[in-house]
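Heads up: the structure comes next, in structure tokens.
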There are 2 protein chains.
Amino acid sequence: MIKHALNVTREADFAAWYQAVISEADLAEESGVRGCMVIRPWGYGIWERIQRLLDDRIKATGHENCYFPLFIPLSYFEKEAEHVDGFAKEMAVVTHHRLVQKDGKLVPDPEAKLEEPLVVRPTSETVIGAAFSRWVQSWRDLPVLINQWANVVRWEMRTRMFLRTSEFLWQEGHTAHASEAEAREETLKMLEVYRSFAEDCLAMPVVAGEKPENERFPGAVSTYSIEAMMQDGKALQAGTSHFLGTTFSSAQNIRFQNAEGELELAQTTSWGVSTRMIGGVIMVHGDDDGLRVPPRIAPWQIVIVPMLRDQPEDQAIVDYCKNLQQQLSVLSVFGEPVRALLDLRPAKAATKRWGWVKKGAPIVIEVGGRDVAGANVSVIRRDRLYREDGKLDSAIVAQAQFVDEATQMLESIQHALHSQARERMDANITRGITDFADLEKAFDGAKPGWVEVNWSKPGGAELDKVVERLKALKLTFRNVPGDAAAAEGACIFTGAPAVERILVARAY
Amino acid sequence: MIKHALNVTREADFAAWYQAVISEADLAEESGVRGCMVIRPWGYGIWERIQRLLDDRIKATGHENCYFPLFIPLSYFEKEAEHVDGFAKEMAVVTHHRLVQKDGKLVPDPEAKLEEPLVVRPTSETVIGAAFSRWVQSWRDLPVLINQWANVVRWEMRTRMFLRTSEFLWQEGHTAHASEAEAREETLKMLEVYRSFAEDCLAMPVVAGEKPENERFPGAVSTYSIEAMMQDGKALQAGTSHFLGTTFSSAQNIRFQNAEGELELAQTTSWGVSTRMIGGVIMVHGDDDGLRVPPRIAPWQIVIVPMLRDQPEDQAIVDYCKNLQQQLSVLSVFGEPVRALLDLRPAKAATKRWGWVKKGAPIVIEVGGRDVAGANVSVIRRDRLYREDGKLDSAIVAQAQFVDEATQMLESIQHALHSQARERMDANITRGITDFADLEKAFDGAKPGWVEVNWSKPGGAELDKVVERLKALKLTFRNVPGDAAAAEGACIFTGAPAVERILVARAY
């Protein structure tokens, strides 16, 4: 029986396992500030990789980065009722701009109360819309294609690291267009950017599709999402793209003169992904030994651990490792230089090895005196940690051979993580259920997966009733997969003729 | 006489000229939120270049990026009196976490008042110190070398875009060490990183040195800065590095067991640069036609403007330009690929040309039908905009020759901007003044430059008196240049024997 590196397994307690991975892989920690986390170097390093790769894609599709204010005056929100209803309950509000000492304690200075309170942005449609209204006069000014990387705050009552924190990091794209067709095309284009990014870079299979009415972003005409399946079968919404129609252009007065000289409202979109994605990576790729980071987003892809023994031969081992690191660093994989680290911290080699296993570095290389003598290295692949007999699979390989094969090995690990996740997801989506009782039964087990059902796409009060029924079972609608088969038969909820297929799942 | 692109010159009104550059180069604009600006794509693109290049240097010196909470509980500040005194007057305070409708208006919900108000970080020593106290137990955990890229808020009464805004973007490095010597070495190492970064990447000559006591960061034992000279002769503090001793380690309890098993307080440092640097770039390199961006930090180094005339031959021009862009994009300069843009926006070529001149793109290429026929391009170098006769210096060059020489031209522009600024700074630092009356006289003119004087380094009340005298003349101490000559003679302020030389200047 394998003795795993974590002291809790996914099987025994998935929620506790998730926290253990975050802690043991040094990804993040509680900050002491309610609902806010500290993102530690390994966690932030993954976020930097996500930023770099996604930013390239955002720019390649013609968007430019900007920066807009953290604070939004209350009056900006008052202009769009539905939007404010969606966020008013979770907004951090700045009311003072100075502190004073009072009875030996610091307090907000009553003399420094703001005339108009400021909200810490929960999302930036309103303040960016106000900028767009200054920028857009004529059809020639369109489209406006903007993105920003920023922190946002939504005051959450129950928080969970990466998945739901009061402050989180994200990118938010905001665009304005001359026609609805163009804005809808943009919404779907960015959904596809997110889908392919999740699959190609995070090795995280997702289902891209449109959200039902009740799950729309406050103020949106259509909301699309990518949904990933976690190892406990729950869904994680990992990115959203919204067609906003003229909701924000009417509220913020984004008007342009069209080619015929008439004044029109612009059509806007917004789309975002956040540090929540890291939570998804953990729950898709982690195992009972910690995290497994897909090579494309690993801050270090290959970590070299010299096995030193405070002996004179140590220097030869270090030199050998440095040489190896140099050989690896000039290689290229996924169109970038290989990221190879030589870990020279003052700690035992075994401690370091297991530290990197828990962090999920794709390849860990150990080098001892015997390896140097034989011109070998000991190779641990994070995607194949144990042999069939349950022992750690540390393969002794000629150094030259490892260097030859290193980039291919990284590609193979990236591919393996994706395949495993894809197979699991595909195996756990149930189709063919035709009545509600069977739907209920499908979610009886411990790891129930998702169910795709035919439905009639009810709206308004009729939809609310369906949503309530699902809620009683802790179920939610995820999305209508863009690549689902055509609907057939009757709606499982209303009995009316089905018009499309929708995913039902428990969700984070 | 040259008709310049801006409608105000540096000579006529430097402050108005500064605002005109920001507006005409599309760098930033007022946001409608008090004291906060919108950083537009060209301004943010420069910031992204600064981030990329400085981040590489911060990582190359062994630091890792993290992310800490935006909000800091008041109690964290109460622990360090001097620090809170320095910032209490300009802190944005969050007091509520929900809004409600009242009489048709949104207001902070009285039912959702925070038990302990939260401050929006003005700087993160306190909250990062709290993390360090969790991370550091033994000498083996040291040094801790951390950096974060973040937004911070200091409620400023009088704001000026990039130079002084209520919210700004920056990086803040925070480190903890086992010994004072090592922490002091770190402080100076990062000062040197800033100095060489400013000179090499921003082409902005600076003087690096220690700040006098009255200019220290609240809580610091020693503060160092880099100071740049603007074209109006004023100084701009463009980066600071602080040795904090045990100020924050005592307040936040950062203790470690040393090799002898005894408990010691860690020695900490912090250092930062901000979007203020962009204000420096404007005032060092801008001219009466707008901004001139040093090629290393230019979002686009070469901009190609096709001169289209809605004629059938337009397509041949566009194809020619695309081919040119491709040839340029595979070139490498300053160790990175050349960034070449083909500007296909629907606007007149002359409008685009002057737009890019005002933005300060280092090289603007224009291509018309005649250029295509002759296999030529028309080249405008932003550092040499006019010929001696006052006409725009647009040189017709064989396309192949331009491609051959493009990277060298970019290097030459980077070098020219640096040389011009360096010469101006060197020519405007006055030395040899030995009495206060002459110092006063030296600041009589419109663009007075800086004065380096011998002083006795007084402290406490004696220093306060000197500072007051300078303040009456709108003068400040900048720093004690690390490379200044040895002190000689008497202190210009106290008459006591001088111990070092210090810079006096008007400042932003």
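Below, read A as the first sequence line, B as the second, and so on, with proteins coming before strands; counting in each chain starts at 1.
- A salt bridge links B/Glu29 to A/Arg134: one of the charged nitrogens lies within less than 4.0 Å of a carboxylate oxygen.
- Looking at A/Ala92, both its backbone and its side chain come within 4.5 Å of chain B, counting heavy atoms on both sides.
- By number of non-hydrogen pairs under 4.5 angstrom with chain B, the leading residue of A/Trp47, A/Phe87, A/Phe68 is A/Phe68.
- Using a 4.5 Å cut-off between heavy atoms, B/Glu30 touches chain A through its backbone atoms (N, CA, C, O) alone.
- Neither the backbone nor the side chain of A/Val100 comes within contact range of chain B; no heavy atom of the residue lies under 4.5 Å from a heavy atom of that chain.
- Separation of atoms CG (A/Leu169) and CH2 (B/Trp149) is listed at 15.0 Å; rounding is to 0.5 Å.
- Salt-bridge formation is detected for the pair A/Glu48/B/Lys59: a Lys NZ or Arg NE/NH1/NH2 atom is positioned less than 4.0 Å from an Asp or Glu carboxylate oxygen.
- Between chain B and the options A/Val127, A/Ile72, A/Thr95, A/Val120, the largest number of non-hydrogen pairs under 4.5 Å is found for A/Thr95.
- Of all the listed residues (A/Gln148, A/Arg345, A/Arg52), the one sharing the greatest number of non-hydrogen pairs under 4.5 Å with chain B is A/Arg52.
- Between chain B and the options A/Ala88, A/Cys36, A/Pro299, the largest number of non-hydrogen pairs under 4.5 Å is found for A/Ala88.
- Contact annotation for residues 38-45 of chain A against chain B (heavy-atom separation below 4.5 Å, listed by residue number): A/Val38, A/Ile39, A/Arg40, A/Pro41, A/Tyr44.
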Run the side chain to side chain contact (heavy atoms under 4.5 Å, CB included) check on B/Val93 and A/Leu99 step by step: do they pass?
CA-CA 8 Å; B/Val93 193; A/Leu99 297 174; 3.6 Å; yes
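- Shortest non-hydrogen contact noted between A/Lys89 and B/Arg98 is CA-CG, 3.5 Å.
- Neither the backbone nor the side chain of B/Ile128 comes within contact range of chain A, judged by heavy atoms closer than 4.5 Å.
- Residue contact with chain B, scored on non-hydrogen atoms closer than 4.5 Å, involves the side chain of A/Leu118 exclusively.
- Between B/Trp155 and A/Phe71, the two ring planes are tilted [angle within 30° to 60°].
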Under the criterion side chain to side chain contact (heavy atoms under 4.5 Å, CB included), I'd like the reasoning laid out for B/Thr275 against A/Tyr67: C-alpha separation, chi angles, the key distance, then a yes or no.
CA-CA 11 Å; B/Thr275 34; A/Tyr67 188 76; over 6 Å; no
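- If you measure heavy-atom distances from A/Tyr76 to chain B, the contacts under 4.5 Å come from the side chain alone.
- Although no hydrogens or angles enter the test, the distance criterion places no donor-acceptor pair under 3.5 Å between the side chain of A/Glu167 and the main chain of B/Pro69.
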Test B/His97 against A/Met157 for side chain to side chain contact (heavy atoms under 4.5 Å, CB included), laying out the working first.
CA-CA 10 Å; B/His97 63 80; A/Met157 281 304 147; 3.3 Å; yes
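- The choice from A/Met91, A/Arg34, A/Glu64 that makes the most heavy-atom pairs within less than 4.5 Å of chain B is A/Met91.
- For residues 105-114 of chain A, the interface with chain B (any heavy-atom pair closer than 4.5 Å) comprises A/Lys105, A/Leu106, A/Val107, A/Pro108, A/Leu114, sorted by residue number.
- With a 4.5 angstrom heavy-atom cutoff, A/Asp55 touches chain B only via side-chain atoms.
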